Amino acid sequence: MSNLKWFNFVGNKYIPILKLRLFLVFVILYIIAVFGWWLYSFITYTEKEYQLENSNLKLNALLIQDKISNYIIVQEKFPEEKPYAIFKRHEASINSLHQNLNKTFKIKTHMVFEDSMKVHDFLKIKIDAAEFKAIHKTFIKKQRAFYSEVIFFTILVISGVVWVFGKLESLLNLNKMQNNFLLSVTHEFKTPLTAIKLSSQTLQQRKTDDETKQVLIQQMVNNSDRLNELLDNVMLATRIDGKSYRYNMNKINITDVIQKTAELILSPPYFKGNFIFEEEEYFMDGDEISMRLVFSNLFQNAIKYAGVDSDVTVKYTHTSGQFIITISDTGKGLDQKEYKAIFNKFYRVGDENTRESKGTGLGLFLVKQILKSHHARIEALRNQPQGTTFKITFK
């Protein structure tokens with residue numbers, strides 16, 4: 001692809017979407033940064049709170065030790081008496097004081113005695129390991145809670161943003177397809193109108209023989225039919241999309257429907273390829289008018305994109321609980337990414353300003369909606385060795 005073509009391709013089709021996606025990446029990174037800072041602040045706060053609670057435990061233990069030591073000093077009667085002898089003489093009251101201090105400071109401690117003549121060296125208050133474990137357990141719980149909350153809200157917000165941007169991208173694509181539809185439908189209407197006008201002016205301004213006159217009149221009728229078909233397709237698409245179309249479901253000969261449609265579409269001089277068709281009759285429940293439209297659009301699509309010289313093959317397959325119809329052509333096929341998109345409303349392959357094929361982008365959309373109402377699905381597949389296959393599966 002030349003630089004000029006690449007510039008046009010990107011400029012005409014993808015720059016708005018690329019800008020939108022770059023902005024989406026920026027927004028996601030910003031959200032991650034904000035929530036990351038929020039998480040960092042919470043974790044820092046819990047660490048400081050954990051350290052503070054540890055320090056508070058140690059301080060309370062020192063206060064208890066100081067109060068019990070002072071109580072022992074007050075009970076001292078003889079200067080040469082050792083602290084341990086004083087403790088043993090007043091053990092019950094000291095133990096009671098220790099329990100009351102534990103309740104007051106809401107802490108669990110135990111007394112440890114060492115051989116010393118000084119009371120403050122003799123008595124040591126040790127904090128139970130369970131106290132530190134409880135604080136550490138609370139700290140871990142808070143950290144996990146903050147991690148869970150921040151991750152949950154980050155995913156929630158990013159999901160919401162991605163969903164909104166997805167809708168915006170869909171609107172951009174829809175807007176482009178609608179613009180393409182307006183361009184294509186304008187062209188589709190203008191061509192037969194111009195032909196009708198030229199035929200009318202020829203009949204009006206020139207004297208023509210009966211044979212030429214009949215040819216011109218027939219051209220006017222054909223172009224009028226083409227205009228009428230375009231209008232019918234647009235109106236039918238609107239009714240089907242709005243769920244207001246009523247299908248007249250009856251037992252129909254699907255083989256006969258396909259054959260008669262092919263006789264109108266796949267016939268000389270417009271079609272020069274081979275139509276390969278199984279003539280065995282198959283019956284199914286369906287709306288004959290809409291099913292004719294389905295196969296008319298598929299056959300026209302084959303001529304439009306595969307060419308008038310392409311072979312078109314229709315095959316039937318019966319499987320357990322399913323009836324499958326495949327319509328294959330031998331054209332050049334499509335890019336892999338186009339096979340799902342071609343059933344979207346207004347979608348057309350290529351760009352409206354450069355494509356050569358005619359159409360409004362409603363044909364395959366109508367096909368999908370009609371088949372959906374018949375409890376069937378359609379998918380486009382690459383044909384081997386070349387071309388495209390449309391696979392219709394009826395339940």
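Quantities reported herein were computed from a predicted structural model and do not represent experimental measurements.
- A salt bridge does not link D209 with K213: every distance from a Lys NZ or Arg NE/NH1/NH2 to an Asp or Glu carboxylate oxygen is 4.0 Å or more.
- For the residue pair Y71 / S93, a side-chain donor-acceptor distance below 3.5 Å is found, with atom types taken as modelled.
- A single hydrophobic cluster is not seen to contain both L193 and L198; linkage of ILVMFWY side chains at heavy-atom distances under 4.5 Å, directly or through other members, places them apart.
- Aromatic ring centres of F343 and F365: separated by at least 6.0 Å.
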Audit row: T109, D128, side-chain hydrogen bond (donor to acceptor under 3.5 Å, both in side chains) steps and yes/no: CA-CA 5 Å; T109 62; D128 283 357; over 6 Å; no
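- For the residue pair V312 and A302, the shortest heavy atom distance occurs at CG2-CB, 4.1 Å.
- Rounding to the nearest 0.5 Å places CD1 of I68 at 5.5 Å from CG of L123.
- What you find for I342 and L364 is that their closest heavy atoms are O-CB, 3.4 Å.
- The closest side-chain heavy-atom distance from T317 to T326 is not below 4.5 Å.
- For the pair D329 (side chain) and G331 (backbone), a donor-acceptor distance under 3.5 Å is present.
- Within 6.0 Å of the CZ atom in F323, the count of heavy atoms belonging to other residues, nucleotides or ligands exceeds 12.
- We find the CE-CD1 distance between M111 and I94 to be 7.0 Å, quoted to the nearest 0.5 Å.
- Within 6.0 Å of CZ in R382 there are more than 12 heavy atoms belonging to other residues, nucleotides or ligands.
- Counting only distance, with no hydrogens or angles, the side chain of D66 and the backbone of L62 share no donor-acceptor pair below 3.5 Å.
- One N or O on the side chain of D311 and one on the backbone of N274 form a donor-acceptor pair closer than 3.5 Å.
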Check against side-chain contact (heavy atoms from CB on, under 4.5 Å), K124 and E114: CA-CA 8 Å; K124 300 293 182 183; E114 296 180 4; 4.0 Å; yes
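- Within 6.0 Å of atom NE2 in H110, more than 12 heavy atoms from other residues, nucleotides or ligands are found, so the atom counts as buried in its surroundings.
- Checking N102 against N100 by side-chain atom types alone, no donor-acceptor pair falls below 3.5 Å.
- Within a 6.0 Å sphere centred on OH of Y40, heavy atoms belonging to other residues, nucleotides or ligands number 12 at most.
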side-chain hydrogen bond (donor to acceptor under 3.5 Å, both in side chains) between Q300 and S296, intermediate numbers included: CA-CA 6 Å; Q300 288 182 43; S296 174; 2.9 Å; yes
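- Under the 6.0 Å cut-off for aromatic ring centres, H136 and Y50 qualify, their centroids lying closer than that.
- Two residues are said to be in side-chain contact when any heavy atoms from C-beta on lie closer than 4.5 Å; E280 and T255 fail this criterion.
- Contact check for F295 versus I392: side-chain heavy atoms found under the 4.5 Å cut-off.
- Under the 4.5 Å side-chain heavy-atom criterion for Ile, Leu, Val, Met, Phe, Trp and Tyr, I32 and V27 are members of the same hydrophobic cluster.
- No side-chain heavy atom of N297 sits under 4.5 Å from any side-chain heavy atom of N301.
- Between Y316 and Y282, the ring-plane angle classifies as tilted under the 30° and 60° cut-offs.
- Follow the hydrophobic side-chain contacts under 4.5 Å out from L29 and you never reach L39; the two are in separate clusters.
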Working for side-chain contact (heavy atoms from CB on, under 4.5 Å), residues I289 and N248: CA-CA 8 Å; I289 294 175; N248 183 22; over 6 Å; no
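- Hydrophobic cluster membership differs between F87 and V74, with clusters built from Ile, Leu, Val, Met, Phe, Trp and Tyr side chains linked at under 4.5 angstrom.
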side-chain hydrogen bond (donor to acceptor under 3.5 Å, both in side chains) evaluation trace for N56 with N54: CA-CA 5 Å; N56 190 46; N54 271 317; over 6 Å; no
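- Taking CD of E288 as the start and NZ of K260 as the end, the distance is 7.0 Å to the nearest 0.5 Å.
- Of all heavy-atom pairs between D287 and M249, the closest is N-SD, 3.8 Å.
- Considering every non-hydrogen atom in both I258 and F275, the closest pair reads CG2-CZ, 4.4 Å.
- A distance of 5.0 Å separates OG in S199 from CD in Q219, rounded to the nearest 0.5 Å.
- Side-chain atoms of L371 and R377, non-hydrogen and from C-beta on, never get closer than 4.5 Å to each other.
- Between I107 and E131, the closest side-chain pair of non-hydrogen atoms falls below 4.5 Å.
- Remark: the backbone N or O of T330 is paired with a side-chain donor or acceptor of Q386 at under 3.5 angstrom.
- Residues L97 and K67 share a closest heavy-atom pair of CD2-O, 4.4 Å.
- Distance check: L22 CG to K19 NZ gives 10.0 Å after rounding to the nearest 0.5 Å.
- Atom CZ of F132 has more than 12 heavy atoms from other residues, nucleotides or ligands within 6.0 Å.
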side-chain contact (heavy atoms from CB on, under 4.5 Å) between E169 and L24, worked out: CA-CA 11 Å; E169 186 173 324; L24 172 62; over 6 Å; no
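- Between F153 and F35, the distance from one ring center to the other does not fall under 6.0 angstrom.
- Put simply, V161 and V164 are part of the same group of oily side chains (I, L, V, M, F, W, Y) that touch within less than 4.5 Å, one to the next.
- The distance between the ring centers of F165 and F23 falls below 6.0 angstrom.
- Taking CG of N60 as the reference point, atom CD1 of I127 lies at 8.0 Å (rounded to 0.5 Å).
- Among all heavy-atom pairs drawn from F390 and A380, the shortest one is CE2-CB, 3.9 Å.
- Contact check on E91 versus K88 returns a salt bridge, with a Lys/Arg side-chain nitrogen under 4.0 Å from an Asp/Glu carboxylate oxygen.
- Here the side chain of S170 pairs a donor or acceptor atom with the backbone of G166 at under 3.5 angstrom.
- Within a 6.0 Å sphere centred on OH of Y45, other residues, nucleotides and ligands contribute 12 heavy atoms or fewer.
- In this structure, the side chains of T388 and L381 stay at 4.5 Å or more apart for every pair of heavy atoms.
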Working for side-chain contact (heavy atoms from CB on, under 4.5 Å), residues I378 and V367: CA-CA 8 Å; I378 183 170; V367 168; 3.7 Å; yes
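- Taking the six-membered ring for Trp and the full ring otherwise, H374 and F394 have centroids separated by 6.0 Å or more.
- Counting only distance, with no hydrogens or angles, the side chain of T46 and the backbone of Q143 share no donor-acceptor pair below 3.5 Å.
- Contact of the I370 side chain with the Y247 side chain is registered, since non-hydrogen atoms from C-beta on lie closer than 4.5 Å.
- Between L101 and the choices I125, I64, L63, the side chain to side chain contact (heavy atoms under 4.5 Å, CB included) rule is met once, by I64.
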